[in-house]
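Whatever order the structure lists ligands and atoms in, that order sets their numbers, starting from 1. Computed from a predicted structure; not experimentally measured. Quick note: residue numbers are just sequence positions, from 1.
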Amino acid sequence: MAEDIYILGIESSCDETAAAVIRNGREVLSNVISSQIDLHTLYGGVVPEIASRKHIEKINQVVETALKEAGKSLEEMDGIAVTYGPGLVGALLVGVSFAKALAFALNKPLIGVHHIEGHISANFIEHKELEPPFACLVVSGGHTHLVVVKDYGEYEILGCTRDDAAGEAFDKVARAIGLGYPGGPKIDKVSKEGNPDAIHFPRAKVENSRYDFSFSGLKSAVLNYINSCEMKGEVVNVPDVAASFQKAVVDVLVEHALAAVEEFGFRRFAIAGGVASNSSLRKAFEEACEKRDIEFYCPSPIFCTDNAAMIGVAGYYEYIKGMRSGYDLNAVPNLKLGER
Ligand code: KG4
Ligand code: ZN
């Protein structure tokens with residue numbers, strides 16, 4: 001029998017300091033996440049300077065805990081995988097520097113991982129049967145990408161957002177209706193008490209592009225609605241606004257993604273990223289895929305939002321392909337998917 005392969009995954013691209021140990025690409029031995037959400041909530045969003053400082057304070061302890069929970073030592077790791085982009089440069093640098101130092105000191109392979117590749121790879125953890133090719137919709141705070149996963153580490157982008165990311169729209173609308181940060185989970189929760197058909201918000205189409213998205217018009221429509229209520233002296237029904245906004249986002253995501261799945265004839269479709277933990281989005285995709293007899297995959301919520309298990313999984317597939325990063329690996333804040 002082949003020897004087991006252990007990858008230490010490290011993630012620090014935004015406001016989560018995370019480390020995980022992965023065995024043979026799909027088995028999560030530990031998944032430690034230290035979230036800074038409470039800290040950033042005070043400011044209504046992520047403050048980059050604070051994020052990097054907190055990463056520095058936490059990273060050592062987070063990596064140690066991940067190894068301890070996995071019952072493994074650093075020496076037993078076959079490779080160190082780390083997110084090197086996209087993300088906040090100061091935040092990314094903490095993980096990248098830490099991983100480089102570890103790889104150098106231990107003389108272990110270093111593997112730079114694209115954050116979105118990590119999100120997509122989160123689907124492999126709980127769906128052992130899932131293998132490329134498949135289509136995947138990545139929806140997070142910074143990204144809205146419709147991607148063809150041609151093979152492990154090989155992607156083709158079919159569409160992306162022209163302005164705000166889906167998660168960004170959730171966060172901005174949540175702030176406007178007084179729900180605070182982080183907006184996505186709060187809108188998800190309060191929408192359960194609202195009527196999604198109460199207000200009709202626009203479903204934006206991008207001219208000449210079937211698979212691109214645009215959410216800034218929707219965000220403005222919500223803001224205009226709130227302003228006009230205030231001017232008329234009417235009370236804003238927060239659950240109704242949240243539910244109606246959420247439905248507009250979900251409708252557009254489902255429509256575009258399934259148009260692509262059908263056009264290209266995929267039998268398997270996955271979602272990934274923080275917004276993929278949205279209960280209404282998951283339900284809508286589940287139903288739409290079932291109707292069309294398409295296998296639908298989504299990670300558990302803990303593997304949708306930022307984590308290092310997904311980085312370890314993506315790192316494993318790069319590792320077995322022989323991909324290695326040099327000690328000159330740098331943080332690349334606007335790294336494109338498929339770029340090196
Ligand atoms: O993937 P992620 O943790 O970080 C990025 O790579 O951006 O995604 C964070 C985003 C935030 O915008 C957050 O509001 C959103 O995901 N999010 C949600 C939910 N949980 C997190 N959006 C809608 N519904 C949720 N349940
Ligand atoms: Zn992310």
A.B. asks: Judging by distance only, is a nitrogen or oxygen of G167 under 3.5 angstrom from one on ligand 1?
C.D. replies: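 Yes: some nitrogen or oxygen of G167 is under 3.5 Å from one in ligand 1.
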
A.B. asks: At under 4.0 Å between heavy atoms, is it the side chain or the backbone of H143 that contacts ligand 1, or both, or neither?
C.D. replies: neither

A.B. asks: Tell me whether ligand 1 is touched by K189 - counting only heavy atoms on the residue side and a distance under 4.0 Å.
C.D. replies: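 For ligand 1, residue contact (heavy atoms, under 4.0 Å) with K189 is absent.
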
A.B. asks: If you count the atoms of ligand 1 from 1 in the order shown, which ones are under 4.0 Å from a heavy atom of G142?
C.D. replies: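 Heavy-atom distances to G142 below 4.0 Å select 7 (O).
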
A.B. asks: Is the closest N or O pair between S279 and ligand 1 shorter than 3.5 Å?
C.D. replies: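 Not met; the criterion fails.
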
A.B. asks: If you take the nearest heavy atom of each of D15, N307, D306, which one is closest to atom 2 (P) of ligand 1?
C.D. replies: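 Residue with the shortest heavy-atom distance to the ligand atom: D306.
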
A.B. asks: Checking the side chain of H55 only, and the main-chain atoms of G95 only, is there a donor and an acceptor separated by less than 3.5 Å?
C.D. replies: no

A.B. asks: Given atoms NE2 of H115 and NE2 of H119, what angle do they subtend at the Zn ion (ligand 2), to the nearest 10 degrees?
C.D. replies: 100°

A.B. asks: Taking just the N, O or S atoms of D306, which one is nearest to the Zn ion (ligand 2)?
C.D. replies: OD1

A.B. asks: Check this for me - ligand 1, G273, N or O atoms closer than 3.5 angstrom, yes or no?
C.D. replies: no

A.B. asks: If we ignore angles and hydrogens, is there a donor and acceptor under 3.5 Å between the side chains of K192 and S279?
C.D. replies: yes

A.B. asks: Counting backbone and side-chain atoms alike, is an N, O or S atom of H143 positioned under 2.8 Å from the Zn ion (ligand 2)?
C.D. replies: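 It does not; every qualifying atom lies at 2.8 Å or beyond.
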
A.B. asks: Which of parallel (below 30°), tilted (30 to 60°) and perpendicular (above 60°) describes F104 and Y327?
C.D. replies: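 Aromatic pair F104/Y327 classed perpendicular.
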
A.B. asks: So, E263 and R210, do they make that salt bridge, N to O below 4.0 Å?
C.D. replies: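 So E263 pairs with R210 through a salt bridge.
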
A.B. asks: Is R324 close enough and on-axis enough to Y319, meaning under 6.0 Å and within 45°, for cation-pi?
C.D. replies: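 Flagged: R324 positioned over aromatic ring of Y319.
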
A.B. asks: Around atom 24 (N) of ligand 1, find the nearest protein heavy atom and jot down its residue, atom name and distance.
C.D. replies: N278 ND2, 3.0 Å

A.B. asks: Hey, can you tell me if F215 and F213 have their rings parallel, tilted or perpendicular (30° and 60° cut-offs)?
C.D. replies: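 Ring orientation, 0 to 90° scale: parallel.
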
